[in-house]
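These values consider heavy atoms only, across backbone and side chains, with no hydrogens, waters or symmetry-generated copies.
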Amino acid sequence: MLHRVMDVIFGCWHGNYSFPITARPGGRRTAAAATTGTYVVCLDCGKEMPYDWKTMRVVGPAAAVVPVAAPSFAAKHAA
């Protein structure tokens with residue numbers, strides 16, 4: 001609980017990011033990609049942050065992570 005409050009106030013403090021990902025034109029964009037079109041993901045906590053290729057750095061606060069629900073075992077084998 002406390003680490004979530006700290007993340008809201010200070011953002012992600014980890015330094016282990018993915019390679020910058022550029023969203024496809026005309027495709028669906030995440031909140032982080034809407035700013036510059038490119039984003040990085042923290043490999044420790046999963047937060048997405050906008051990335052600027054010109055300055056080669058993260059340019060804004062961390063975006064909210066939307067968890068993707070995995071299909072349950074029962075749903076896979078029910079059909």
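Nearest heavy atom pair, residue L43 against residue S18, reads CG-N, 4.0 Å. The minimum heavy-atom distance between V40 and Y51, with the atom names listed, is CG1-CD1, 3.8 Å.
When the side-chain hydrogen bond (donor to acceptor under 3.5 Å, both in side chains) test is applied to D44, no partner is found at least two apart in sequence or on another chain. Applying the side chain to side chain contact (heavy atoms under 4.5 Å, CB included) test to T22 and every residue at least two apart in sequence or in another chain returns T38, W53. When the side chain to side chain contact (heavy atoms under 4.5 Å, CB included) test is applied to A34, no partner is found at least two apart in sequence or on another chain. Under the rule for a ring-ring contact (aromatic ring centres under 6.0 Å, His included), Y39 has no partner lying at least two apart in sequence or in another chain.
Hydrophobic clustering (ILVMFWY, side-chain heavy atoms < 4.5 Å, transitive): F19 and V58 are in one cluster.
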